[in-house]
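Beneath this line is the structure, given in structure tokens, with notes to follow.
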Amino acid sequence: MSGQTVPVRLFLTVRPARTVLAVAVLLGALTAWFGLIETPIPTAVEEGKATIPLWRMLTMGVAIMPVLALHSPLASLELVATRRLRSMQRLYLAGLGIGSAVIFLGICTWVMQPEMVGVIARSWIAWFGLALAAGATMGWRLAWTLPSLVAIVLSYWGYTGNQQYRWWEFSARPHDDLPSLILSATLLAMGLIVYAATPWRRRRWRRWRP
């Protein structure tokens with residue numbers, strides 16, 4: 001076994017890559033079977049009753065799982081991250097994120113209209129960015145916290161009544177809504193920037209400032 005293979009195998013051994021992909025298949029199947037079922041939720045609107053389809057929460061779960069999977073039992077040893085570890089981490093995150101998204105969206109296309117799949121894809125981008133930002137700042141095990149908080153805000157204050165939603169409700173606006181797309185892309189970019197801002201990079205950036 002080569003010297004390069006051992007660290008890669010150890011990195012993958014302590015992280016649940018297969019579990020994440022299996023969960024993506026499971027959540028995709030649940031979305032195909034029950035995703036269109038709507039459940040009532042509390043909102044700030046006094047008149048009328050708001051409901052959300054289950055696929056909105058399932059999409060958030062699929063987006064969060066790859067980020068949660070960055071945690072490992074060796075987290076304390078990995079605090080002093082080397083360039084090689086960071087490189088493997090980036091490849092792992094990209095591969096697992098893209099893989100789970102492709103699986104989930106692929107299953108959704110079987111039972112949902114293309115317009116709805118477009119909304120799901122846009123939502124996945126935003127949830128993934130939020131999870132990445134939370135995980136990079138608070139630890140990978142807490143990557144769910146920021147998406148969960150945002151989900152509460154969206155569900156409670158994002159609904160305006162008569163099946164209409166505010167411009168920042170990226171998980172419910174139409175698939176061709178430009179502000180929601182820009183917001184989702186911005187959240188993804190924010191997550192990537194926070195992830196890239198490692199302690200040693202922040203120190204380097206501070207040295208470059210005039």
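All values below were derived from every heavy atom in this structure, side-chain atoms included, with hydrogens, water molecules and symmetry-related copies excluded.
Within the structure, every pair that satisfies the side chain to side chain donor-acceptor pair (under 3.5 Å) test and touches residues 27-42, not counting sequence neighbours, is listed here: Glu38-Thr51.
One finds the OG1 atom of Thr43 at 11.0 Å from the CD1 atom of Ile52 (value rounded to the nearest 0.5 Å). Here OG of Ser184 is found 9.5 Å from CH2 of Trp127. Values are rounded to the nearest 0.5 Å. Considering OG1 of Thr186 and CG of Leu181, their distance stands at 9.0 Å, rounded to 0.5 Å. If you take OG on Ser180 and CD1 on Ile125, they are separated by 12.0 Å, rounding to the nearest 0.5 Å. Between Ile37 atom CD1 and Leu54 atom CG the span is 6.0 Å, to the nearest 0.5 Å.
A continuous path of ILVMFWY side-chain contacts below 4.5 Å connects Val20 to Leu142, so both sit in one hydrophobic cluster. Under the 4.5 Å side-chain heavy-atom criterion for ILVMFWY residues, no single connected hydrophobic cluster contains both Val150 and Ile152. Clustering ILVMFWY residues whenever any of their side-chain heavy atoms sit less than 4.5 angstrom apart, transitively, puts Tyr165 in a cluster other than the one holding Ile182.
Ser155 pairs by the side chain to side chain contact (heavy atoms under 4.5 Å, CB included) definition with Ile41, not counting sequence neighbours. Under the rule for a side-chain hydrogen bond (donor to acceptor under 3.5 Å, both in side chains), Gln164 has no partner lying at least two apart in sequence or in another chain. In this structure, the side chain to side chain contact (heavy atoms under 4.5 Å, CB included) partners of Arg141, at least two apart in sequence or on a different chain, are His71. Among residues two or more places apart in sequence or in another chain, the ring-ring contact (aromatic ring centres under 6.0 Å, His included) test is passed with Trp144 by none. Checked against side chain to side chain contact (heavy atoms under 4.5 Å, CB included), Leu192 has the following partners two or more places apart in sequence or in another chain: Leu132, Leu188. When the side chain to side chain contact (heavy atoms under 4.5 Å, CB included) test is applied to Trp157, the partners found at least two apart in sequence or on another chain are Ala44, Val153, Trp168.
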Which donor-acceptor pairs under 3.5 Å do the side chains of residues 56-70 make with protein atoms, sequence neighbours left out?
{"from": "Arg56", "atom 1": "NE", "to": "Ser171", "atom 2": "OG", "distance (Å)": "3.3"}
{"from": "Arg56", "atom 1": "NH2", "to": "Glu169", "atom 2": "OE2", "distance (Å)": "2.4"}
{"from": "Arg56", "atom 1": "NH2", "to": "Ser171", "atom 2": "OG", "distance (Å)": "3.1"}
{"from": "Thr59", "atom 1": "OG1", "to": "Trp55", "atom 2": "O", "distance (Å)": "2.7"}

Contacts table for residues 114-122: side-chain donor-acceptor under 3.5 angstrom, sequence neighbours left out:
{"from": "Arg122", "atom 1": "NE", "to": "Phe170", "atom 2": "O", "distance (Å)": "3.1"}
{"from": "Arg122", "atom 1": "NH1", "to": "Pro174", "atom 2": "O", "distance (Å)": "2.6"}
{"from": "Arg122", "atom 1": "NH2", "to": "Phe170", "atom 2": "O", "distance (Å)": "2.7"}
{"from": "Arg122", "atom 1": "NH2", "to": "Arg173", "atom 2": "O", "distance (Å)": "2.7"}

Pairs under 3.5 angstrom only: tabulate donor-acceptor contacts from the side chains of residues 96-113 to other protein residues two or more places apart or in another chain.
{"from": "Ser100", "atom 1": "OG", "to": "Leu96", "atom 2": "O", "distance (Å)": "2.9"}
{"from": "Ser100", "atom 1": "OG", "to": "Gly97", "atom 2": "O", "distance (Å)": "3.1"}
{"from": "Thr109", "atom 1": "OG1", "to": "Gly106", "atom 2": "O", "distance (Å)": "2.5"}

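Between Val194 and Ala136, the shortest heavy-atom distance links the atoms CG1-CB, 3.8 Å.
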